[in-house]
Each structure stands twice: as structure tokens, then as C-alpha cells.
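In what follows, chains are A, B, ... by sequence order, proteins preceding strands, each numbered from 1.
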Number of protein chains: 2
Amino acid sequence: MVLNRKLYPLVLIDIALFTIEDDALKVLLVKRAQEPEVGQWALPGGILKPEIDQSLEGAARRVLRDKVTVDIAHLKEVQTFSGPDRDPRGWSVAVLFYALLPRDQIDALVRSKVEAVQWFDATKPGHRLAFDHQHQLGSALRVLKEKVNAHALPLHLMPPLFTLTALQRTCEAILGRPLDKGVFRRKLSDSPDLVETGEYVRGPQRPAQLFKARDGFRF
Amino acid sequence: MVLNRKLYPLVLIDIALFTIEDDALKVLLVKRAQEPEVGQWALPGGILKPEIDQSLEGAARRVLRDKVTVDIAHLKEVQTFSGPDRDPRGWSVAVLFYALLPRDQIDALVRSKVEAVQWFDATKPGHRLAFDHQHQLGSALRVLKEKVNAHALPLHLMPPLFTLTALQRTCEAILGRPLDKGVFRRKLSDSPDLVETGEYVRGPQRPAQLFKARDGFRF
DNA sequence: AGAATAGTGTCTGTCAGACAGTATCGC
DNA sequence: GCGATACTGTCTGACAGACACTATTCT
């Protein structure tokens, strides 16, 4: 039985899960299998279950585990979306989180539920999204951009070892604009979050040094 | 009757309401009149009422109207606090907002419920606060500082007309450190949010020009 | 004149942007 | 040597911090 939503609101969590693919920022969307908005693409999300969740962030982590078979360590809250009309089931509070996933784990993930889960271009998904998820995605993108603009390094999007050029491509994909190589590397040179490995990647040109994230790094 | 909190969480809103008094940043606290935590000082807050609220922000505005007799236009969401143990009534989600109130309205406010409502120094209230409100206050302060550091002007804390020196005192109270007069005024000189009035305040020294906030200004 | 506060000017170091230049690989 | 990419150096303009200087009022 459904409870009277005039007295008790639905408490939902939604997640904007980002990754980098082909030097483009992608967001994970799921095709809804149930009413409401069946068949529409939406951000992965679910209902808070107080009996098993320890917090809203814990609920978000659980949803990602269940729906998408990914265990994400670091979720960041963006903001809430609330009101009587944003979900047809009645008065609802949706708490939006975002997370960054390194491209390494993409394959394992997409294999899990091939039909229902797909990566889309984060800046223009090319579909109408369910509920207010278009709006939510915009908010998550804005917060992500702000952090990168404030010189935070999105190392959680990178594989364990990466070149500075690859990191620059990732930042450019997030910000949607080209960055100057000299400026970018000057800032990195005194970042405590980056660690040189001394390893080099070889190819048909000058080898590039491989870096890794500082131990315990958090975006 | 109380509902089983193992199935349906409490949805609460709390508000950190700031003002400036004697060139110090103050936060409004209320002495709790009911269990739990009777007699403890706490941020004003309340339970979301879906039957009358249009959103969480609307609920926050309602709570301020009811508890504190103030109508605040601009509330900003900070973040959520959630879990099974933060409120003895059971699993709860608290959404924290903050707001800025010009000192003009202080008198009218404090008169409303003299015993139960009081302004405290925002950086060290000098009391243990109920629930996780000490933590919440810290988060609200951090967000407020970040905005002012990013050159946003806390004009909602100022009376309709104010001098640049008074504005500087306000920013210093928020940031907790002195600011250089020259630097401060240089930044203001090309701010579209400040409007000269041509009026001057007279005193036992050189008169200072009065400014006002741009029409439609929002922090 | 002197006290007090308002308001301005200037020097300096830091840093972002732009861009040129050098280095090192495969072929 | 050549193409390609990695990496470094340099010039410039904007701006923050520090601080001194001028301006205007009242007593």
C-alpha cells in the first residue's frame, strides 16, 4: 500500500555518475523499467530505505551497487529538489549526488544490464529526461565545473596511471573549453595531489611521464 | 501517533539565520520547548508539512515566519544531514538553509518571543547545541565565508543605506580577519551591485557617502 | 591646529594567458 | 632529417596585499 503523500513525502536519491570516454564527459542514464515515466531515460536513483541505509549518501551508494553494479567510494551531495509536482507519485524530496568513475571500470559496468544502462554525452544527452532530471544534471555539471575551475583535479576520472596530457584532456572535457598547456602544467607542478612515477609511456613520439594520484586523494 | 521511523524518515528543515550586531556576526538560536532536547539551544527548524509547503525552501520560510516572525526572501540551501541516530525520534533527514537578515529588523524580531529566541556569536555560541546543530552551524558558516571570499557582497546584512566602511566591517566579521581598505574599495569600485546615492552621513569627521544595493540584488 | 575618518595613489609580488622555443622518441 | 608529441621558458597584463598619502569634517 502507498502511504498518503500529503503527510509523508517520498525521500529519493538520484546520482549523476560521470566518466570520460573518447575525451568526452559522459553521464550514466538508465531506462526506467517501472511507472512512472516508464521507458524514459533518467539518472539512476531510488527510494531511501531507512531500515538498511545509514545515511542519504549510504543510500546513494547502495543504489549504485544494485542498479549498476559499481561500488563508488566518493559521492558528493549537490542539492535537493522538492515539491508536490516533480514526481507524479506525490510530494517528494530528491537529494542529488554526483560521483566520478575512472574509465577503467566502464566495461565491467556496461556489461551488467546492457539494455537498460547507457552512457550519454553529459552536456547534451540528446533525450528528454524523466522528472526534473534534466535540471538535476545541469546542477551537477555546474558544481563539477566549479570545482575544476577552482583547480581541483578530477583524478577519480583517470586510470591509476596517466599522463599530464590525458589529465588536461579530461579537464577540457569537463570545462568545455581548451586549456593552455603551459599554464596547466605550471599549476600541476606544485600540486601535492600528483605523484611522479618515473615510468614513461612509449609511442611514436617523445615518451610522456606517467603520474598517479596521491595516496588518499579525494576530489 | 508516531509512524514507524524504520520505514518513513522524518524530514526536517533547519535554518542558520545570520545578522550583524556590534560589528560581529550573530546567529539566531531558539531554546527548545519540547522533547527531544528540551531546554537546549538549537537552530530554528521544523518538520516538513507536505500539505501546506510547496518546497523545502518554502517550508523553511514558513518555519521562520511561525517561530520567529520574520519573512525572509532569500534562503540558500547548504546541505543535508541524515542518519538513524542524529535525532532520537528516529531516522531523519535534515535539510539546512542559511539566510541573512539586516540589523534593522532585529528589534522587531527579538520582541516576538523574548525568552525563547536569542542572538549568539556565530563563531562561538558558548553553548552546546542540540542534535548535530553545532556541526550544521559550522557548515553554514563555511559556505557563507566561501561566498564572501569569492567577492560576493553580503548586502542582505546591511541596512538600506550604508557606508563602505560599514560594509567592510561586516565582511571582516564574516571572514574573521581584517581587510585592507584600499583593496576592499578597489574591488567595490567596479561592482554592479553597489549604487551611489550622493547622500552623505555627517559626523565629527569627514562625511562618508551612503550606498545602497542594486535593485534586485541577490546574494 | 589637531583628531578622526573618508577616500586615493603607488609599489610590488604573484599568477594566468599567450606563445615561442627546446627535447626526445619512431621512422 | 622529419613528424609528432612532451616539456620548458618568457613576456605581459590583471590583480591582491601593503602602505603611504591626500581630503574633509568637527572641535
Please say whether more than 12 non-hydrogen atoms of neighbouring residues, nucleotides or ligands are located less than 6.0 Å from NZ in B/Lys26.
yes
Residues in residues 163-181 of chain A with a heavy atom under 4.0 Å of DNA chain D, by number, are A/Thr165, A/Lys181
Please report the shortest heavy-atom distance between A/Leu153 and A/Ser191, naming the atom on each side.
CD1-OG, 3.7 Å
Heavy-atom side-chain contact between A/Leu17 and A/Leu64 under 4.5 Å:
yes
What residues from residues 188-199 of chain B pass a heavy-atom cutoff of under 4.0 Å to DNA chain D?
none
If I compare all heavy atoms of B/Leu48 with all of A/Pro9, which pair ends up nearest, and what's the gap?
CD2-CG, 3.6 Å
OG1/B/Thr19 to CG/B/Leu101 distance, rounded to the nearest 0.5 angstrom?
5.0 Å
Looking at A/Gly182, is its backbone amide N or carbonyl O close enough to the side chain of A/Asp180 to form a donor-acceptor pair, meaning the two atoms are under 3.5 Å apart?
yes
So do the side chains of A/Met158 and A/Thr170 get within less than 4.5 Å of each other, counting heavy atoms only?
yes
In whole angstroms, how far is the P atom of D/dC7 from the CZ atom of A/Phe184?
12 Å
Here the pair of heavy atoms bringing B/Leu75 nearest to B/Ala99 is CD2-CB, 3.7 Å
What do the steps show when you test B/Leu12 against B/Asp87 for side chain to side chain contact (heavy atoms under 4.5 Å, CB included), and what is the final call?
CA-CA 10 Å; B/Leu12 308 165; B/Asp87 188 306; 3.8 Å; yes
To the nearest angstrom, the NE2-P distance between B/His151 and D/dA14 comes to 17 Å
Output the distance between atom CG (B/Leu167) and atom CZ (B/Phe162), rounded to the nearest 0.5 Å.
5.5 Å
For B/Leu43 against B/Ala16, the heavy-atom pair lying closest together
CD2-CA, 4.2 Å
At how many degrees, to 10°, do the end axes of the helix from C/dA1-D/dT27 to C/dC27-D/dG1 meet when each uses five pairs?
20°
Atom pairs and distances, donor-acceptor, side-chain atoms in residues 201-218 of chain B, under 3.5 Å, two or more places apart:
| from | atom 1 | to | atom 2 | distance (Å) |
| --- | --- | --- | --- | --- |
| B/Gln209 | OE1 | B/Gly198 | N | 3.3 |
| B/Gln209 | NE2 | B/Glu196 | OE1 | 3.4 |
| B/Arg214 | NH1 | B/Asp193 | OD1 | 2.5 |
| B/Arg214 | NH2 | B/Gly216 | O | 3.3 |
| B/Arg218 | NE | B/His74 | ND1 | 3.2 |

Chain A reaches DNA chain C, atoms under 4.0 Å from its heavy atoms, from C/dA16 to C/dG26
Can you list, in residue-number order, the parts of residues 202-213 of chain B that come under 4.0 Å of DNA chain C, counting heavy atoms only?
B/Gln205, B/Arg206, B/Pro207, B/Ala208, B/Gln209
Residues A/Ser92 and A/Arg86: side-chain donor-acceptor under 3.5 angstrom:
yes
Does B/Lys147 count as lying over the ring of B/Phe219, i.e. NZ or CZ under 6.0 Å from the six-ring centre, within 45 degrees of the axis?
yes
Over all heavy atoms of both residues, which pair between A/Trp41 and A/Ala116 is shortest? Give the atoms and the distance, please.
CZ3-O, 3.8 Å
